[in-house]
*Asks:* 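Please find one structure pasted underneath; my questions will follow.
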Amino acid sequence: MAATVAPPAAPPPTSATIRSLTAAGNHAAALRALSSLSASSAQLDHFALPPAIKSAAALRDARAARSLHAAALRRALLHRPSPAVGNALLTAYARCGDLDAALALFAATPTELRDAVSYNSLISALCLFRQWERALDALRDMLAEGRHDVSSFTLVSVLLACSHLPGDDGRRLGREAHAFALKRGFLDEGRERFPFNALLSMYARLGLVDDAQSLFRTTAAAFSPGGGDVVTWNTMISLLVQGGRCAEAVEVLYDMVSLGVRPDGVTFASALPACSRLEMLALGREMHAVVLKDADLAANSFVASALVDMYAGNEKVANARRVFDMVPEPGRQLGMWNAMICGYAQAGMDEEALDLFSRMEAEAGCAPSETTMSGVLPACARSEGFAGKEAMHGYVVKRGMAGNRFVQNALMDMYARLGEMDVARRIFAMIDPRDVVSWNTLITGCVVQGHVAEAFQLVTEMQLPSPSPSSSSSSSSTEEGEAHRCMPNNITLMTLLPGCAALAAPARGKEIHGYAVRHALESDIAVGSALVDMYAKCGCLAASRAVFDRLPRRNVITWNVLIMAYGMHGLGDEAVALFDEMAAGGEATPNEVTFIAALAACSHSGLVDRGLELFHGMERDHGVKPTPDLHACVVDVLGRAGRLDEAYSIITSMEPGEQQVSAWSSLLGACRLHRNVELGEVAAERLFELEPGEASHYVLLCNIYSAAGMWDKSVAVRARMRRQGVAKEPGCSWIELDGAIHRFMAGESSHPASAEVHEHMDALWERMRREGYAPDTSCVLHDVDEDEKAAMLRYHSEKLAIAFGLLRAPPGAAIRVAKNLRVCNDCHEAAKFMSRMVGREIVLRDVRRFHHFRDGSCSCGDYW
DNA sequence: AATCCTGGCC
């Protein structure tokens, strides 16, 4: 190779040269060959032009298409001797993104010069631009002319168009097209499979999986001399998987293989997602083994992505990463990065997801797509240490991805989690059309941020027609709005129910329960678990248990919720019995939260030994390692029982790096209960270091000092609070009557019936004092005289709410009141007293648990 | 004919 030898002059190209270059996919060479032909005009004929035009289309080269159009016009070759050149140009313009040019070309063709291919090209061009109705109009024109034969080519486009028509139109026309294809013999034995496969796909897109399956069952045999067409099998597998019928998809896969059809990349890419959804790790691994034997398959990025997804979906993120790492860098396609990033994010491995995200572009030059963003945004929303949240929003906007619904939904969620509801609402307002996820995301944000009324308002709005921002400007607003209505689904209900639980609003919760029953959602595990939780937190333990017992299946969360429910209601023995039942049953495996629930139940009921037993057997018998929260629970069990030294030694035995805030708070609470100033001071000082801005720590220490009569120290703590700028959350109690929430706060009269309530409280108070009630003034933080202390206690928010309930609740009904903080000693005693005095059951829910007051005593037996 | 995506019960 020392000297460069001039290549021999190429022979002049002919139309045959161009045809073969185009056929070989060598489009650039085909166009070059044509332009050298144009020089010697004689050869530029109606044989040479169509393949060249096809090459221009394949290259999406609009300029080449236009210049070929001009050349054809100059030589009058557009429609003569055949429409072939014009037809090819029509397709080329469409492929280059210029539908108007394609339509103009068709319109300019005299009717008598059009052939069937002209119409086929027009129909498929319209399909390319998703103009489904116009495509079917073109078909009608074609049939009306009466001289064109519908070919398999026509049929495939028409089936595609039918499958995208909204509502019943698509189904009706699709079935008509099916009947037509049968009548015309398109589905006969030995015919090409395109129409058959297209019919399958059409039924898939219309969601008519059963029609697809019966077509497949009755006709596939006719095509299967050697097992049949792999495309048919693949179509069937993927449509079953997409229809959520994964078990059937796996059966089809087995049938296919046993008939001797060799699976290809598409087969694996279609079937692997079934393995993640069915948690069929074994089958997934088998497929992986087959893939590894074939270098082509192993290098197929679709297959590799599906493998990554399969492993990640089966909680084998490390295996997923191994598949990812096995594909060498240049071959790593976008889909693989996306699958791996999403796999990490869905496993909650947010740091890893963010790390890969930052590396994909920087190291591999792979630009993130909308899918990447919707996958990584949840990770970035959750990751507390990640400072670039708003920057991600900017990035999305800069890359032009801010109009993608998935991305918008994920962004909205991120801002809702940040507490920036206004930004979330603004993004929501721009989403068009909104889907059920858009609504659910905003609703969840509202519930989490405490805007429960707004959440319920949104549930009403989502079901109305034309909620989308575009439909006001559009002429066919009702029809379009109809299509954009969203029905609340299991997620919607599940996210609303904690809102009802937080408000202690059982009437609202029952409405949701009713909706769930009407829409066959009450047997959904997540909805069921949320219902069990809601009823329990609204004080209706019997209803909670009834829902639990009626569920067809329960998971670990369902069980945890019920155990917690019994614990909250002071029924520790029942809670522990449920734990034993769960551990013995095998329906669900106890996890960390199960032990938190069981230990909390033991703590509230004074089951110290049972609690310690559970704690010590936890890791040995159930593989649950002690976490900071579990340590805090045992501290609570011991501390509440007055075994403060043992509680203290649990904390000192914790690992140095372990988060000790909750353990110290439990100890501080126990010190207040048992009036231990010395240890309380130790705990409080540690907490002031760890969480200097948390008001409840200061308040507890104040309580300890006040109860001990150490007013100077109490005053000093309150001064320290003020210096630190820490404010106590105001106490607030509320009661639900006739579906409305009535809120009361101490020293405030915003409720319309406030004056009446205060008056009634005064009357009750007077009567209580007469009948021997002695206020417990030890929980008043202010150093004032006893009378003033008593006056302050009289208007505590929970007392006001109870007084309101006594005034307005139906006679004889239990008074159910909820409070945002812990119930104070005096309110506890007063409620006991009142329950006997007025002969009413009073149910008081505080942040942790329930107090059922009946006939002068409390369900918690004063152990709280 | 295909993979990767958003909302979640303690």
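Per chain, numbering begins at 1; letters A, B, ... match sequence-line order. Since this is a predicted model, take the numbers as computed values, not measurements. In what follows, every heavy atom counts, from backbone to side chain, and hydrogens, waters and symmetry copies are set aside.
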*Asks:* Look at A:Gln408 and B:dG7 and indicate whether a side-chain polar atom (N or O) is within less than 4.0 Å of OP1 or OP2.
*Replies:*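 No, outside the criterion.
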*Asks:* Counting the atoms with a prime plus P, OP1 and OP2 as sugar-phosphate, which does A:Gln346 contact under 4.0 Å by heavy atoms, base, sugar-phosphate, or nothing?
*Replies:*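 It contacts sugar-phosphate atoms only.
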*Asks:* Nearest whole Å is fine: how far is B:dG8 C1' from A:Leu496 CG?
*Replies:*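 Taking atom C1' of B:dG8 as the reference, CG of A:Leu496 is at 12 Å.
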*Asks:* When the distance from CG of A:Asp435 to C1' of B:dG7 is rounded to whole Å, what number comes out?
*Replies:*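 Computing the A:Asp435:CG to B:dG7:C1' distance gives 9 Å.
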*Asks:* For A:Thr495, answer base if it contacts any base atom (sugar-phosphate contacts may also be present), sugar-phosphate if it contacts only those atoms, and nothing otherwise; contact means non-hydrogen atoms under 4.0 Å.
*Replies:*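 Nothing, no nucleic acid heavy atom in range.
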*Asks:* A:Asp413 has an atom CG; how far is it from atom P of B:dC5, in whole Å?
*Replies:*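 Between P of B:dC5 and CG of A:Asp413: 16 Å.
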*Asks:* Among B:dA1, B:dG7, B:dA2, which nucleotide sits nearest the side chain of A:Phe302?
*Replies:*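 In terms of side-chain proximity for A:Phe302, the closest of B:dA1, B:dG7, B:dA2 is B:dA2.
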*Asks:* Taking the side chain of A:Asn409 as heavy atoms from C-beta outward, which of B:dC9, B:dT6, B:dG7 is closest to it?
*Replies:*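 Looking only at heavy atoms from C-beta outward on A:Asn409, the closest nucleotide is B:dT6.
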*Asks:* Go through B:dA2, B:dG8, B:dC5 for me and flag the one nearest to the A:Asp309 side chain.
*Replies:*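 Output: B:dC5.
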*Asks:* Has the side chain of A:Ser374 got a donor or acceptor that lies under 3.5 Å from a partner of the other kind on the base of B:dC5?
*Replies:*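 Answer yes: a donor N or O sits under 3.5 Å from an acceptor.
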*Asks:* Give a yes or no on whether the backbone of A:Asn409 and the side-chain of A:Asp413 come within a donor-acceptor separation of less than 3.5 Å.
*Replies:*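 A pair under 3.5 Å: no.
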*Asks:* Among B:dA2, B:dG7, B:dC4, which nucleotide sits nearest the side chain of A:Asn300?
*Replies:*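 Shortest atom-to-atom distance from the side chain points to B:dA2.
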*Asks:* Rounded to whole angstrom units, what separation is found between the CG atom of A:Asp524 and the P atom of B:dG7?
*Replies:*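 For the pair A:Asp524 CG and B:dG7 P, the rounded distance is 17 Å.
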*Asks:* In whole angstroms, how far is the P atom of B:dC9 from the CG atom of A:Asn440?
*Replies:*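 Going from CG in A:Asn440 over to P in B:dC9 covers 12 Å.
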*Asks:* Would you indicate which nucleotide in B:dT6, B:dA2, B:dG8 comes nearest to any side-chain atom of A:Ser270?
*Replies:*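 The answer is B:dA2, which lies nearest to the side chain.
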*Asks:* Quick one: which of B:dT6, B:dC5, B:dC9 gets closest to the side chain of A:Val437?
*Replies:*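 My answer, after comparing the listed nucleotides, is B:dT6.
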*Asks:* Looking for any heavy atom pair under 4.0 Å, which part of the strands does A:Asn591 touch: base, sugar-phosphate only, or nothing?
*Replies:*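 No contact at all - A:Asn591 keeps every heavy atom at 4.0 Å or more from the nucleic acid.
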*Asks:* Can you tell me which nucleotide in B:dC5, B:dC9, B:dA1 comes closest to the side chain of A:Ser238?
*Replies:*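 For A:Ser238, the side-chain atoms sit closest to B:dA1.
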*Asks:* Has A:Arg553 got more than 12 heavy atoms of other residues, nucleotides or ligands less than 6.0 Å from its CZ?
*Replies:*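 Open: at most 12 neighbouring heavy atoms sit under 6.0 Å from CZ of A:Arg553.
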*Asks:* Among B:dA1, B:dT3, B:dC9, which nucleotide has an atom closest to any side-chain atom of A:Pro498?
*Replies:*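 The nucleotide sitting nearest to the side chain is B:dC9.
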*Asks:* For the pair made of CE in A:Met256 and C1' in B:dA2, what is the distance, rounded to whole Å?
*Replies:*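 Nearest whole value for this atom pair: 12 Å.
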*Asks:* Between A:Gln408 and A:Arg434, does any side-chain donor sit less than 3.5 Å from a side-chain acceptor?
*Replies:*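 No, because no side-chain N or O of A:Gln408 sits under 3.5 Å from a partner of the opposite role on A:Arg434.
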*Asks:* Please classify the nucleic acid contact of A:Ala597 as base, sugar-phosphate, or nothing, using heavy-atom distances under 4.0 Å.
*Replies:*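 No contact.
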*Asks:* Which nucleotide sits closest to the side chain of A:Val436: B:dT3, B:dC9, B:dG7?
*Replies:*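 For the A:Val436 side chain, the nearest candidate turns out to be B:dG7.
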*Asks:* Does the side chain of A:Ser305 pick up a donor-acceptor pair with the side chain of A:Asn338 at under 3.5 Å?
*Replies:*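 No donor-acceptor contact under 3.5 Å links the two side chains.
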*Asks:* Touch check for A:Asn404, heavy atoms < 4.0 angstrom, all strands: base, sugar-phosphate only, or nothing?
*Replies:*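 Result for A:Asn404 = nothing.
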*Asks:* Pairs of donor and acceptor atoms involving the side chains of residues 202-209 of chain A, under 3.5 Å and at least two apart or interchain, shall be tabulated with distances.
*Replies:*
{"unit_1": "A:Tyr203", "atom_1": "OH", "unit_2": "A:His178", "atom_2": "ND1", "d": "2.6"}
{"unit_1": "A:Arg205", "atom_1": "NE", "unit_2": "A:Ser163", "atom_2": "OG", "d": "2.8"}

*Asks:* Just to be sure I understand the rule, does A:Met494 reach a base, reach only the sugar-phosphate, or reach nothing, if contact means heavy atoms closer than 4.0 Å?
*Replies:*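 Result for A:Met494 = base.
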*Asks:* Quick one: label A:Arg417 by what it contacts on the DNA or RNA (base, sugar-phosphate, nothing), any heavy atom closer than 4.0 Å.
*Replies:*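 Contact class for A:Arg417: sugar-phosphate only.
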*Asks:* Round to the nearest Å and state the distance from A:Met392 atom CE to B:dT6 atom P.
*Replies:*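 Rounding to the nearest Å, CE of A:Met392 and P of B:dT6 are 14 Å apart.
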*Asks:* Do A:Thr558 and A:Ser529 have side-chain atoms, one donor and one acceptor, less than 3.5 Å apart?
*Replies:*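 Indeed, the side chains of A:Thr558 and A:Ser529 share at least one donor-acceptor pair under 3.5 Å.
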*Asks:* Which residues satisfy the side chain to side chain donor-acceptor pair (under 3.5 Å) test with A:Asp355, sequence neighbours excluded?
*Replies:*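 Residues passing side chain to side chain donor-acceptor pair (under 3.5 Å) with A:Asp355: none at all.
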*Asks:* In whole Å, what is the span from the CD atom of A:Gln242 to the C1' atom of B:dA2?
*Replies:*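 Taking atom C1' of B:dA2 as the reference, CD of A:Gln242 is at 9 Å.
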*Asks:* For the side chain of A:Phe406, starting at C-beta, report the closest nucleotide among B:dG7, B:dC4, B:dT6.
*Replies:*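 Nearest nucleotide to the side chain: B:dT6.
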